[in-house]
Number of protein chains: 2
Amino acid sequence: MSTIASANTIAEVASLIGDAARANMLSALMGGQALTAGELARIANVTAQTASGHLARMAEGRLVLVEKQGRHRYYRLASPEVAQALHTLMAVAASGPGRHHPVGPREEALRLARTCYDHMAGRLAVALAESLCRNDHMILADGAGLVTDQGHAFFREFGIDLEPATRSRRPLCRTCLDWSERRHHLAGRLGAALLGRVLELKWVTRVPGSRALTVTRGGEAGFARTFRFRPDWQRALAGDVPAGAVVEAASID
Amino acid sequence: MSTIASANTIAEVASLIGDAARANMLSALMGGQALTAGELARIANVTAQTASGHLARMAEGRLVLVEKQGRHRYYRLASPEVAQALHTLMAVAASGPGRHHPVGPREEALRLARTCYDHMAGRLAVALAESLCRNDHMILADGAGLVTDQGHAFFREFGIDLEPATRSRRPLCRTCLDWSERRHHLAGRLGAALLGRVLELKWVTRVPGSRALTVTRGGEAGFARTFRFRPDWQRALAGDVPAGAVVEAASID
DNA sequence: GCCATGCTTCGGTCGTGGCCGAACCATTGA
DNA sequence: TCAATGGTTCGGCCACGACCGAAGCATGGC
């Protein structure tokens with residue numbers, strides 16, 4: 001019936017994201033889990049009707065996908081590209097002059113550990129990346145990550161098989177600039193595998209209805225033992241972001 | 001006087017980009033060169049007053065920077081993050097169902113070779129990346145690029161010094177999905193260095209007032225000789241995009 | 001069958017923001 | 001000094017779109 005007229009210009013896509021209510025919904029969906037229309041309405045602080053309209057437009061514009069399940073309608077991000085776009089927009093928005101908003105307790109939990117689409121973010125993720133580098137399991141530079149031979153063995157032992165057919169010395173992951181910590185953490189295939197594995201091991205658990213992750217008792221021990229975390233990893237790293245970091249993290253067209 | 005209230009939320013940033021006139025201006029600025037307010041007005045098809053308003057808002061929102069020069073005002077993108085954001089939005093916009101718009105002659109030139117912020121894009125760039133991989137100068141995967149030892153030597157001879165202090169086997173560049181070709185090309189530090197070098201060698205020249213690049217007579221020979229281009233590199237590569245390509249290219253928070 | 005719940009469609013109100021004409025400021029060149 | 005050119009500010013017009021109340025469909029439980 002109605003032509004499927006998915007948004008085809010930058011302006012159309014950006015305009016879809018450029019509304020407070022819709023942006024809030026999309027941010028919530030960055031958690032990686034599908035949410036119902038009602039939940040999204042509450043998150044965006046609008047009535048159900050309004051939310052419905054927003055979601056219909058976003059579905060039309062290929063930003064989200066719908067899945068009917070009983071009388072619920074589950075929405076999720078349409079593709080990793082959408083998540084990527086949201087992430088870069090966050091980076092631009094955050095690059096303003098400081099203006100670090102005051103941090104509530106809820107925010108604090110998110111700063112510690114959260115999911116981001118299909119991998120981890122927050123201090124936990126930053127500490128993980130840092131630890132992997134310090135122990136020569138990977139090398140990070142220019143927004144890319146390279147797993148060393150030693151790293152391959154390490155991950156295999158940890159229960160992550162990095163596509164054995166892959167010849168070694170091949171870059172296997174990417175890094176992202178962490179919104180809250182302004183440092184890099186792991187994304188890409190390796191990032192996703194890591195999140196899956198630590199969930200499987202119950203080192204972290206999802207907080208229902210939130211992007212936050214809780215580090216379990218076993219997780220505390222596990223991370224410290226396996227990744228040799230410094231004991232104060234839960235505190236923000238001291239020192240400022242190295243000057244070139246932000247610039248190097250960005251890649252374009 | 002007026003507080004510098006740089007946009008601080010995703011919605012604000014996206015909303016700034018989400019207008020046809022402003023999006024056109026920003027796209028033009030993706031060429032990497034600064035443009036005057038008048039030029040941008042013409043590009044966006046609006047009057048000077050309207051453009052002035054748009055530019056003021058974008059400057060306020062930290063999307064662009066201004067530089068006065070005589071009675072002209074030169075505008076350019078404020079940071080690589082902004083370029084990155086625009087790029088990912090383009091990727092989302094382009095990911096719709098085909099709808100390949102008809103290609104004019106002007107578009108055709110852009111498809112062949114163009115600048116993208118600080119590196120090259122288009123068939124030339126795609127062919128370059130492909131050639132470098134085929135000749136074992138680099139390895140590409142997961143959106144990251146790794147320069148081989150042999151590649152280091154190659155680039156040094158070509159006149160690009162990849163930070164000699166860097167230990168080898170360190171990833172030095174990133175890849176981007178090419179808007180027109182839907183294949184990867186090189187960005188990051190290496191991508192920028194390559195563009196600089198081929199401009200220096202006059203293998204390509206900028207087309208004034210456009211993002212397009214012209215491959216010079218000497219360039220044709222140079223690329224063929226140095227990079228062993230296949231002779232028909234100016235034609236689009238046959239075959240479709242590998243299924244996983246788009247997914248792998250995207251990285252998130 | 002009944003009602004409760006989740007979501008959508010319709011109709012109407014209202015505010016934000018894009019656009020231009022006109023006038024104004026600033027720089028350059030004669 | 002006086003135009004000419006490039007930009008910006010001001011004021012008013014108009015449209016798009018965000019929002020909600022009310023009503024309308026589905027689905028699931030009793």
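By convention in this document, chain letters (A, B, ...) are assigned in the order of the sequence lines, proteins followed by strands, and residues within each chain are numbered from 1. Keep in mind that this is a model prediction, so the values were computed, not measured.
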At less than 4.0 Å, is any side-chain N or O atom of [X] found next to OP1 or OP2 of [N]? Yes or no.
X	N	value
H54(A)	dG17(D)	no
T50(A)	dA18(D)	no
S52(B)	dT8(D)	yes
R73(A)	dG6(C)	no
R22(A)	dA18(D)	yes
T47(B)	dC20(C)	yes

Original post:
Roughly how far, to the nearest 0.5 Å, is CG of L26(B) from CG of L55(B)?
Top reply: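 The CG atom of L26(B) is 9.0 Å from CG of L55(B), to the nearest 0.5 Å.
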Original post:
To the nearest 0.5 Å, how far apart are CG in L29(A) and CG in L35(A)?
Top reply: 5.0 Å
Which whole-number value in Å describes the distance from [X] [atom1] to [N] [atom2]?
X	N	atom1	atom2	answer
L55(A)	dT9(C)	CG	P	11 Å
Q49(A)	dA23(D)	CD	P	13 Å
E67(A)	dT27(D)	CD	C1'	17 Å
Q69(A)	dC7(C)	CD	C1'	15 Å
H72(B)	dC25(C)	NE2	C1'	16 Å
N24(A)	dA18(D)	CG	P	14 Å
M25(A)	dC19(D)	CE	C1'	12 Å
D19(B)	dA15(D)	CG	C1'	13 Å

Original post:
Relative to the 5' end of DNA chain D, which residue comes earlier, A21(A) or A51(B), by the nucleotide with the nearest heavy atom?
Top reply: A51(B)
Subject >> Nearest-nucleotide 5' precedence on DNA chain D, A56(B) against V46(A) >> reply: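 Checking each residue's closest nucleotide, the 5'-ward one belongs to A56(B).
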**OP:** State which of dA18(D), dT27(C), dT8(C) makes the closest approach to the side chain of A48(A).
**Re:** dT8(C)
Subject >> Given dC20(D), dT8(D), dA4(D), the nucleotide with the shortest approach to the side chain of R71(B) >> reply: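 Out of dC20(D), dT8(D), dA4(D), the nucleotide with an atom closest to R71(B)'s side chain is dA4(D).
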Original post:
With sugar-phosphate meaning primed atoms plus P, OP1 and OP2, does Y74(B) contact a base, only sugar-phosphate, or nothing at under 4.0 Å between heavy atoms?
Top reply: nothing
Original post:
Parallel, tilted or perpendicular: which describes the rings of F223(B) and W203(B), with under 30° parallel and over 60° perpendicular?
Top reply: perpendicular
**OP:** Can you run through DNA chain C from 5' to 3' and write each base as (, ), [, ], | or . depending on how it pairs? Watson-Crick or G-U wobble, both distances under 3.5 Å.
**Re:** ||||||||||||||||||||||||||||||
Give a yes or no on whether a salt bridge exists between [X] and [Y], defined as a side-chain N under 4.0 angstrom from a carboxylate O.
X	Y	answer
E200(A)	R197(A)	yes
R123(B)	E108(B)	yes
E67(B)	R76(B)	yes

Subject >> Any residue of residues 37-45 of chain B with a heavy atom less than 4.0 Å from an atom of DNA chain D >> reply: A37(B), G38(B)
**OP:** Run through V126(B), V198(B), L199(B), T115(B) and flag the one making a side chain to side chain contact (heavy atoms under 4.5 Å, CB included) with M120(B).
**Re:** V198(B)
Subject >> Pair L63(A)-I17(A), side-chain contact (heavy atoms from CB on, under 4.5 Å): steps then yes or no >> reply: CA-CA 9 Å; L63(A) 292 188; I17(A) 307 175; 3.9 Å; yes
Original post:
Are side-chain N/O atoms of T36(A) and E39(A) paired as donor and acceptor at under 3.5 Å?
Top reply: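 Yes, side-chain donor-acceptor contact under 3.5 Å.
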**OP:** For the pair R211(B) and R206(B), evaluate side-chain contact (heavy atoms from CB on, under 4.5 Å) and give the outcome as yes or no after the intermediate values.
**Re:** CA-CA 7 Å; R211(B) 295 176 54 176; R206(B) 289 181 192 271; over 6 Å; no
